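Here's the structure, in structure tokens; my notes come after.
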Amino acid sequence: MTSDGVPQRTGNNLDPWYANYAERAAGLSASEVRALFAVASRPEVVSLAGGMPFVSALPQELIVSSMERVMRTQGPTALQYGSGQGIPALREQILDVMALEGIRGSVDNVVTATGSQQALDLVAKLFIDPGDVILAESPSYVGALGVFRSYQASVVHVAMDDDGLIPEALRQTIAHLRGQGRRIKFLYTIPNFHNPAGVTLSASRRPEILEICRANEILVLEDNPYGLLHFDEPAPNALRSLDEEHVIYLGSFSKTLAPGFRVGWALAPHAIREKLILAAESAILSPSSFSQLVVSEYLSSTDWRAQIDTFRGVYRERKDAMIEALGEYLPQLRWTNPNGGFYVWVTMPDVLDSKQMLPRAVKELVAYTPGTAFFADGRGRHAMRLSFCYPTPDAIRVGIRRLATVVNGELDLLDTFAGTGTLQLPPSADFDSAPPSDLK
């Protein structure tokens with residue numbers, strides 16, 4: 001302690017400024033997904049790890065022509081600062097995009113952002129005090145967990161199954177936390193083609209989830225980057241379409257156009273909207289005028305719905321290749337079979353550890369994301385996320401064959417040296433369907 005009662009931290013040989021950081025900096029750490037990119041980018045490695053869109057399916061001339069028209073007709077505006085809320089024309093077009101999922105809104109309540117990740121960070125910045133509880137699905141998006149951790153929140157997971165978030169588990173978790181006197185700020189959910197689980201919240205559960213949150217005065221943060229990328233039946237209408245006052249909706253062009261533009265948005269209740277704009281102006285002054293204008297030009301001059309259909313076909317072919325290869329090479333495992341999005345969630349026997357197994361997988365020239373990346377409490381070691389969005393179908397088959405070499409090699413070692421006998425999957429293979437551990 002210093003003389004004025006402040007805890008004293010000392011530097012170290014690696015970072016002489018360690019003692020000067022704010023306490024919240026302790027929550028900043030490289031995610032397991034980020035750590036994989038350096039390895040997975042090697043051309044000889046089949047990466048089933050990162051959720052990178054297959055941007056090569058987007059005709060380059062569409063983007064080049066949009067850029068040229070923007071610079072010819074609006075060059076000075078494109079290169080200048082803009083509004084903290086975003087360009088009005090693009091916000092109008094965003095309403096058209098959201099209408100495909102049943103959302104009606106006002107352009108005044110749309111706030112553009114530098115990707116939906118920034119919108120997520122702004123919401124967290126507005127609402128989270130250290131020690132607050134954020135409810136999130138079990139498992140949940142690694143990027144969101146990192147944001148919540150950086151604001152010193154406590155993430156409590158709520159169980160899922162093949163139909164998404166389980167309403168009764170949500171009720172029990174809320175009651176348990178309220179009984180402890182803990183403060184819940186919002187429920188964070190990815191209802192469509194979930195990252196990482198691949199499942200979709202059923203239409204019948206959506207009103208029930210919203211009613212539970214309304215009754216407990218809990219805000220819902222709906223993150224929906226994959227909703228338009230369905231393969232067969234479209235996902236049910238967005239949660240925001242059912243409740244305009246208790247849901248903040250996050251959207252993005254990263255998956256339906258290209259992530260390099262870094263254009264996303266939030267649709268928020270009116271009072272929250274104003275604070276989001278102030279928070280955005282404080283953080284970045286304004287989102288990129290150039291990127292917004294190019295996206296707006298693309299939406300106004302091309303058949304963007306047809307391009308989304310093209311992406312759907314590309315990702316459907318890759319998903320089918322992955323499911324077929326898993327059935328051929330790893331039939332003893334279990335996995336989800338998504339109707340859209342980018343991801344398959346694979347469950348292994350609980351004696352295996354996907355994080356410890358990863359170095360051997362990289363040696364076999366295949367990469368995946370360990371399940372532990374998607375939990376705030378250390379769970380998920382016997383699971384992994386496989387991404388089918390970027391590799392070709394042939395590369396996916398090669399990657400799954402290499403992964404099978406790793407998994408079967410680990411199982412053989414355990415059978416030989418540990419005397420485990422026949423290895424069984426846990427009773428609930430896809431998710432932790434029992435109530436969260438802190439209810440026990």
Side-chain angles (χ1 to χ4, degrees), residues 32 36 40 45-49 51 138-139 159-163 193-200 231 316-339 341-375 378-389 391-434:
E32 292 174 71
L36 284 168
V45 175
V46 176
S47 176
L48 307 176
S138 172
M160 304 173 69
D161 60 18
D162 286 339
D163 290 320
F193 318 128
H194 185 271
N195 179 8
V199 302
T200 295
F231 301 148
R316 183 205 304 265
E317 182 183 23
R318 285 158 162 74
K319 188 271 292 193
D320 289 345
M322 179 169 284
I323 296 300
E324 180 182 344
L326 285 168
E328 179 179 355
Y329 294 113
L330 286 167
Q332 73 273 37
L333 306 188
R334 297 183 186 176
W335 51 85
T336 55
N337 189 351
N339 183 40
F342 286 4
Y343 308 109
V344 171
W345 184 252
V346 177
T347 304
M348 305 182 296
D350 59 8
V351 294
L352 294 182
D353 188 319
S354 61
K355 190 172 183 179
Q356 291 185 4
M357 201 170 68
L358 184 57
R360 181 173 177 184
V362 171
K363 185 178 179 180
E364 293 292 334
L365 303 181
V366 62
Y368 57 83
T369 309
T372 50
F374 306 100
F375 292 88
R379 281 182 284 168
R381 66 178 185 83
H382 60 272
M384 65 177 72
R385 188 192 74 177
L386 302 182
S387 302
F388 52 79
C389 46
T392 66
D394 287 344
I396 287 171
R397 283 186 278 269
V398 170
I400 297 298
R401 187 179 70 239
R402 292 173 180 174
L403 181 61
T405 299
V406 177
V407 171
N408 292 327
E410 292 287 315
L411 292 176
D412 288 344
L413 284 172
L414 286 167
D415 276 337
T416 300
F417 295 106
T420 56
T422 302
L423 297 170
Q424 301 292 329
L425 285 163
S428 178
D430 293 338
F431 310 101
D432 296 303
S433 59

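Note that this is a predicted model, so its numbers are computed, not measured.
L403 places none of its side-chain heavy atoms less than 4.5 Å from the side chain of V346. Contact of the E410 side chain with the V407 side chain is not registered, since no non-hydrogen atoms from C-beta on lie closer than 4.5 Å. Residues P331 and L326 are not in side-chain contact: their nearest non-hydrogen atoms beyond the backbone lie 4.5 Å or more apart. Using a 4.5 Å cut-off on side-chain heavy atoms (C-beta onward), F388 and V344 make contact. Under the 4.5 Å side-chain criterion, counting only non-hydrogen atoms from C-beta, T405 is not in contact with V366. Counting heavy atoms from C-beta outward, N339 and T200 have side chains that stay 4.5 Å or more apart. Side-chain contact between P393 and R318: present, with at least one pair of heavy atoms (C-beta onward) separated by less than 4.5 Å.
A donor-acceptor pair under 3.5 Å is formed between the side chain of S387 and the backbone N or O of A49. Put simply, the side chain of S354 gets close to the backbone of A383: a donor and an acceptor are under 3.5 Å apart.
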Steps toward side-chain contact (heavy atoms from CB on, under 4.5 Å) verdict (T369, L358)
CA-CA 8 Å; T369 309; L358 184 57; over 6 Å; no

Would L48 and M322 count as a side-chain contact (heavy atoms from CB on, under 4.5 Å) if you check the C-alpha gap in whole Å, the side-chain angles of each, and the deciding distance to 0.1 Å?
CA-CA 10 Å; L48 307 176; M322 179 169 284; 4.0 Å; yes

Between R385 and N195, does the side-chain contact (heavy atoms from CB on, under 4.5 Å) criterion hold? Intermediate values first, please.
CA-CA 9 Å; R385 188 192 74 177; N195 179 8; 2.8 Å; yes

Full working for side-chain contact (heavy atoms from CB on, under 4.5 Å) between K319 and N337
CA-CA 8 Å; K319 188 271 292 193; N337 189 351; 2.8 Å; yes

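Taking the six-membered ring where tryptophan is involved, the planes of F374 and W345 are perpendicular, since the angle between them exceeds 60° and thus also 30°.
Here the CD1 atom belonging to I396 is positioned 10.5 Å from the OG atom belonging to S47, to the nearest 0.5 angstrom. One distance of note links CG of D320 with CZ of F231; it measures 8.0 Å at 0.5 Å rounding. Atom CD of E324 and atom CZ of R397 lie 6.0 Å apart (nearest 0.5 Å). Within the model, atoms CG of L411 and CG of L352 stand 4.5 Å from one another, a figure rounded to the nearest 0.5 Å. To the nearest 0.5 Å, the span separating CE on M160 from OG1 on T336 amounts to 9.5 Å.
Across R402 and V46, no two heavy atoms sit closer than the pair NH1-CG2, 3.5 Å. Nearest heavy atoms, S138 versus R379: OG-NH1, 3.6 Å. In this structure, P196 and Y343 approach most closely via the heavy-atom pair O-CB, 3.6 Å.
For the side chain to side chain contact (heavy atoms under 4.5 Å, CB included) test with M348, the passing option among R381, Q332, M357, R334 is M357; the others fail.
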